[in-house]
Engineer: 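One structure, as structure tokens, below. Some questions next.
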There are 2 protein chains.
Amino acid sequence: MAEDRAGRQKPPTSQDVARLAGVSQSTVSYVLTGSRPISEATRRRVEAAILELGYHPNSGARTLRSRRSGVIGLMVPEADGDDGVLMVFVRTIAREARRHGYDILLVTAQEGADGIRRVVRTGVCEALILMEVDRHDERIAPVLASGLPFVTIGKPEEFPHGSVIDLDFEMLGRMVLERAHEEGCAHLLLFGALDHLRSRNDVSRFLAGVEDAAEEIPVAVVLDDGPLAEVPARARRLAAPHARTALFGLGGVRQVLFAMAASGALAQEGTVLLALGGEDLADVSGLLAPVPQIDPRRAEVSELAVSELVRLLRTEDATPRVTLVEPRWLEG
Amino acid sequence: MAEDRAGRQKPPTSQDVARLAGVSQSTVSYVLTGSRPISEATRRRVEAAILELGYHPNSGARTLRSRRSGVIGLMVPEADGDDGVLMVFVRTIAREARRHGYDILLVTAQEGADGIRRVVRTGVCEALILMEVDRHDERIAPVLASGLPFVTIGKPEEFPHGSVIDLDFEMLGRMVLERAHEEGCAHLLLFGALDHLRSRNDVSRFLAGVEDAAEEIPVAVVLDDGPLAEVPARARRLAAPHARTALFGLGGVRQVLFAMAASGALAQEGTVLLALGGEDLADVSGLLAPVPQIDPRRAEVSELAVSELVRLLRTEDATPRVTLVEPRWLEG
DNA sequence: TTGTACGCGTTATCAG
DNA sequence: CTGATAACGCGTACAA
């Protein structure tokens with residue numbers, strides 16, 4: 001094996017494979033891509049040579065020629081919500097992408113629209129996944145301009161070439177209110193300053209679901225903007241003599257649970273904490289057992305994001321579509 | 001601008017830029033790389049053309065020609081520790097890499113050594129960062145074989161071409177024991193089943209530091225393998241009449257803090273929780289204020305990992321080295 | 001100071 | 001069924 005001046009092994013090329021197998025270089029290529037019928041005999045010789053040399057096709061050359069880099073750009077948001085949750089998405093997406101033969105390149109939201117333009121123009125990415133997309137998101141414009149297939153997790157206003165995968169937050173809202181009613185609650189206290197976050201599309205969809213359901217179900221909805229540590233106290237003040245109060249938030253369940261534990265509220269019967277699961281609650285699982293949890297189905301959302309993107313990539317003239325994953329109550 | 005059959009915009013090439021600027025293609029290239037003096041006049045014409053066309057050099061072609069992809073592979077561990085912590089590393093590394101002109105490609109630990117071989121042989125990555133490396137790590141072998149520069153976060157036994165960046169866990173161990181003594185503790189209870197994790201190199205280095213310091217400082221070290229929820233009770237049993245007990249663990253501080261809150265141990269004077277900060281403790285910060293915390297300096301570790309890798313990449317015959325970042329007590 | 005020409009390793013077209 | 005051969009877009013040695 002040849003070595004360059006730095007003493008690094010120079011990987012074998014398809015030319016090397018061809019020589020060893022006694023065929024032409026193009027034949028090697030066809031064996032790899034399968035875009036042309038090859039006789040069983042030569043195929044085996046080529047494959048043996050590939051194995052012997054440990055040959056892997058050069059990514060740069062392949063990309064240059066075919067305009068397909070095999071790389072999907074993943075735009076991750078800045079630290080705002082729960083980083084643990086985010087990492088689950090990232091890891092799942094990376095694993096699924098590999099399963100389909102793609103790699104994941106990180107693009108931080110900090111780079112913004114310019115970041116998109118860069119990876120698109122340089123041709124590093126042949127498709128994009130955007131996380132935590134808002135209704136009006138500055139990143140959508142350059143993506144649309146690129147013409148690349150993309151998937152957003154979060155629902156923007158327009159998505160001509162792109163598909164949308166997300167949890168069905170409206171349904172989530174209805175489910176929470178219904179459960180509060182079933183648990184005999186007169187009030188549903190929503191914590192986490194949701195009122196101030198209406199611009200976020202998941203929040204606004206969730207609130208729409210809650211408010212929609214509240215027109216039919218007699219549960220009073222209270223939006224709490226205060227600090228999470230004071231949620232238990234706030235809930236106690238709401239509690240009517242014979243009615244309980246349900247608590248819910250899209251995030252910060254751990255903090256509230258912590259506050260409840262610290263204030264002794266866990267032992268009381270007046271408040272019912274409903275939780276969105278998956279927010280790394282394993283650490284407090286002992287106390288969570290009796291807490292009804294909703295599965296936000298992040299694994300499914302991640303897997304769908306990838307498989308939908310692959311569909312857009314591989315299908316000619318594939319139509320983008322919106323897929324909302326239904327939240328589910330976790331039993332036990 | 002030309003469009004291909006899918007209706008996608010075909011990005012301009014350096015040839016297009018050259019035509020517009022009235023120079024040869026190579027001149028454009030030289031302006032970009034700066035590897036040859038260019039007259040002020042033509043440089044401006046070229047730069048104007050680049051701006052006008054929104055030109056970005058094609059990554060595939062550049063990589064093919066120069067063997068430098070501008071991509072650093074980042075191998076992230078499976079879900080084992082705190083995913084929130086991990087995400088901080090990942091985001092910081094991605095941001096720093098961009099600052100130096102590199103992109104980050106995710107490689108999941110699940111792919112193992114084969115994953116390394118793949119990204120190396122295909123030439124997608126020109127360098128690697130490995131997270132949570134053990135003393136004997138199967139991923140090290142293919143990395144060494146590749147001859148690519150790399151940085152590990154975590155200290156393997158051998159690292160011929162690679163540098164090591166990590167927190168100084170031995171010093172951390174000494175600091176914790178010293179602090180326990182200063183706080184008037186007769187016992188230091190280490191939770192989180194550290195005894196069973198001695199194979200992990202950060203754990204073994206930490207324990208070495210603790211045990212080393214324990215030879216000079218009169219604090220009895222107790223390794224606790226029980227569930228985190230029972231740590232407060234365990235600590236109470238240790239407490240001597242006039243001596244307190246210090247608690248520490250490399251992870252799971254939140255769980256222990258939670259257990260202390262639930263059992264009312266926070267109000268007691270008998271136990272002192274010493275915490276490794278940064279493990280997303282913001283949610284419980286109200287209660288943490290009086291808790292002495294050590295800064296694990298993850299941002300610095302991440303930044304150093306990138307800058308050290310860049311040094312290896314850009315410096316001819318750069319010698320790999322080990323850099324241990326000193327932990328610090330956080331005041332206030 | 002600038003231009004010409006070649007090759008990086010593939011994919012894909014055109015002959016045979 | 002298979003082998004030459006032409007791009008793909010850029011970096012750089014060689015000429016001018």
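Chain naming here is simple, since letters A, B, ... match the order of the sequence lines and numbering starts at 1 in each.
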Engineer: Categorize V23(B) for me: base, sugar-phosphate, or nothing, with a 4.0 angstrom heavy-atom threshold over every strand shown.
Structural biologist: sugar-phosphate
Engineer: I'd like to know whether I153(A) forms a side chain to side chain contact (heavy atoms under 4.5 Å, CB included) with V133(A), so could you lay out the CA-CA distance, the side-chain angles of the two residues, the decisive distance to 0.1 Å, and finally the verdict.
Structural biologist: CA-CA 6 Å; I153(A) 297 179; V133(A) 170; over 6 Å; no
Engineer: Let me know the distance between CZ of R19(B) and C1' of dG3(C), rounded to the nearest Å.
Structural biologist: 16 Å
Engineer: Answer with base, sugar-phosphate or nothing: what part of the nucleic acid does S29(B) contact at a heavy-atom distance below 4.0 Å?
Structural biologist: base
Engineer: Dump the pairs, protein N or O against N or O of nucleotides 13-15 of chain C, anything under 3.5 Å, distances to one decimal.
Structural biologist:
residue	atom	partner	partner atom	Å
dT13(C)	O4	Y30(A)	OH	2.7
dC14(C)	N4	R36(A)	NH2	3.0

Engineer: Starting from the first five and the last five pairs of the helix from dT1(C)-dA16(D) to dG16(C)-dC1(D), work out the angle between the resulting helix axes, to 10 degrees.
Structural biologist: 40°
Engineer: Strictly below 4.0 Å, heavy-atom distances to any atom of DNA chain D: list the hits from residues 39-48 of chain A, or just say none.
Structural biologist: S39(A), T42(A)
Engineer: Pick base, sugar-phosphate or nothing for I38(A), based on heavy-atom distances below 4.0 Å to the nucleic acid.
Structural biologist: sugar-phosphate
Engineer: Please, which pairs that meet side-chain hydrogen bond (donor to acceptor under 3.5 Å, both in side chains) have at least one residue in residues 38-53 of chain A, sequence neighbours excluded?
Structural biologist: S39(A)-T42(A), E40(A)-R44(A)
Engineer: Could you state the NZ-P distance from K10(A) to dC8(C), rounded to the nearest angstrom?
Structural biologist: 7 Å
Engineer: Near DNA chain D, which residues from residues 57-65 of chain A have a heavy atom under 4.0 Å away?
Structural biologist: L64(A), R65(A)
Engineer: Reading DNA chain D in the 5' to 3' direction, which nucleotide is the first one with an atom under 4.0 Å from a heavy atom of chain B, and which is the last?
Structural biologist: dG9(D) to dC14(D)
Engineer: Taking only Lys NZ, Arg NE, NH1 and NH2, and the carboxylate oxygens of Asp or Glu, determine whether R91(A) and D83(B) approach each other closer than 4.0 Å.
Structural biologist: yes
